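Worksheet: the structure to be examined is printed underneath.
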Amino acid sequence: WYGGQWYDGDAISLKVNDPSFLFGATLFTTLRVHNGSLADPRSLWPRHGNRLRHSVESLGWVVPNWENIHKGATRVAQVFPVVRVTILSDGRELILGRALPDQLAQKQQQGVIAWLAQDKRYQRPQADFKTGNYLSAWQARQEAIASGAGEAILQDGTGQWLETATGNLWGFKQGTWYTPPLGGILPGVMRSHLLEQLQEQQVPVQEIPWSMALVKTFEAIAYSNSVVGVIPLRGIIGAIEFPGPLAIDQPALRQLQHWSGQLVP
């Protein structure tokens, strides 16, 4: 779906001097759709829309046709379980569909290995917004895969852990969940949803900076996003003994996965 029209195929026309092409001047959000419907509560569609609206307003961009966006996302959701809504800087919308990640159920159950990107050059620019300029996070994940890992963890210039290349971090110890604070990380839709769930269930949660000293006290570590839900980390190359002592069957971790609503049967 592009600019108010449905396209069959994988090609659209874009001017070579379009800022979206030249500079990655886009905003986007990606969600998992349940039962082919944006209205399913697990799809978290209102949260995704609110974040897009806030980003457009904060950056002073042309306001898109929100009705077209809803119409296009609805149609794509009838075909694909994952929907990506992209807003170009002039207000046009590009809405794509794709399949769920390979072996998602296995990753949710068995966890993945992460790779610690020990260089601030991997930080995402304008991290408060989900922009199309995603090169640093993409490159970090490519290097993680080349190292035999499935995800990358990004740090700031002082060594504080921020987020992963595709999601937000969670750590658990002694009955309390921890997640890095906003400011330099993406305010993830799944992150805000899980924070609400933890608060409603009166489970202690702290939003505090992650030093290496703090990380090494965690019993379990995971990352979250709106497509995969919550994925445990069973080891971290460059930080924790590989394959590592991290728990993947921690009951609190399985409860967090349940609250995400994104478990694959």
Side-chain angles (χ1 to χ4, degrees), residues 1 26-59 61 63-78 80-88 91 93-98 100-101 104 108 124 126-132 134 137 162-170 177-203 205 207 222-231 255-264:
W1 180 273
T26 63
L27 294 165
F28 76 96
T29 193
T30 308
L31 61 146
R32 180 177 170 189
V33 177
H34 293 265
N35 297 322
S37 173
L38 300 179
D40 189 300
R42 295 169 294 175
S43 301
L44 302 177
W45 174 248
R47 291 179 183 267
H48 286 276
N50 289 340
R51 187 174 63 180
L52 285 173
R53 287 180 174 85
H54 172 73
S55 298
V56 168
E57 180 179 344
S58 298
L59 295 174
W61 284 14
V63 177
N65 185 321
W66 296 112
E67 184 178 343
N68 270 350
I69 289 175
H70 187 270
K71 183 178 179 181
T74 296
R75 182 160 181 182
V76 174
Q78 293 170 353
F80 293 98
V82 178
V83 175
R84 170 175 163 145
V85 179
T86 301
I87 297 176
L88 282 62
E93 76 281 356
L94 171 63
I95 305 175
L96 307 173
R98 66 173 188 252
L100 287 171
L104 179 55
Q108 289 173 339
R124 292 189 306 105
Q126 291 184 290
D128 292 346
F129 305 102
K130 196 159 187 175
T131 71
Y134 228 69
L162 299 173
E163 57 191 341
T164 76
T166 64
N168 293 111
L169 285 164
W170 297 89
W177 279 104
Y178 296 79
T179 191
L182 297 181
I185 71 169
L186 180 71
V189 167
M190 181 55 68
R191 178 185 183 274
S192 63
H193 170 72
L194 290 173
L195 282 172
E196 283 190 8
Q197 294 297 310
L198 290 168
Q199 291 162 1
E200 287 178 7
Q201 300 299 324
Q202 298 183 334
V203 176
V205 57
E207 298 178 69
Y223 75 95
S224 68
N225 67 44
S226 294
V227 173
V228 303
V230 175
I231 300 290
Q255 184 65 68
L256 195 69
Q257 289 183 311
H258 172 74
W259 286 328
S260 78
Q262 308 294 16
L263 284 171
V264 175

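Because the structure is a prediction, the values reported are computed rather than measured.
When the ring-ring contact (aromatic ring centres under 6.0 Å, His included) test is applied to W177, the partners found at least two apart in sequence or on another chain are F172. Partners of R47 by salt bridge (charged side-chain N to carboxylate O under 4.0 Å, His left out), not counting sequence neighbours, listed by chain and number: E196. Considering only residues two or more places apart in sequence or on other chains, S224 meets the side-chain hydrogen bond (donor to acceptor under 3.5 Å, both in side chains) condition with W170. Residues satisfying the side chain to side chain contact (heavy atoms under 4.5 Å, CB included) test with L59, not counting sequence neighbours, are L27, W61, Q126, F129. Residues satisfying the ring-ring contact (aromatic ring centres under 6.0 Å, His included) criterion with Y134, sequence neighbours excluded, are F28. The ring-ring contact (aromatic ring centres under 6.0 Å, His included) test applied to F80 returns no partner, not counting sequence neighbours. Looking at residues two or more places apart in sequence or on another chain, you find a salt bridge (charged side-chain N to carboxylate O under 4.0 Å, His left out) between D40 and R42. Partners of S260 according to the side-chain hydrogen bond (donor to acceptor under 3.5 Å, both in side chains) rule, which considers only residues two or more places apart in sequence or in another chain, do not exist here. Annotation: side chain to side chain contact (heavy atoms under 4.5 Å, CB included) contacts of P46 (sequence neighbours excluded): none. Residues satisfying the side chain to side chain contact (heavy atoms under 4.5 Å, CB included) test with T166, not counting sequence neighbours, are R141, E151, T164, Y223, N225. Scanning for side-chain hydrogen bond (donor to acceptor under 3.5 Å, both in side chains) contacts around R124 gives E163, with sequence neighbours left out. In this view, H193 satisfies the side-chain hydrogen bond (donor to acceptor under 3.5 Å, both in side chains) rule with no residue, not counting sequence neighbours.
Across all non-hydrogen atoms, the minimal contact from D128 to G184 is OD1-N, 3.5 Å.
Other residues, nucleotides and ligands contribute over 12 non-hydrogen atoms within 6.0 Å of the CD atom of Q201. For CD of E57, the number of neighbouring non-hydrogen atoms (other residues, nucleotides, ligands) closer than 6.0 Å is 12 at most.
Between T30 and R98 there is a side-chain heavy-atom pair separated by less than 4.5 Å.
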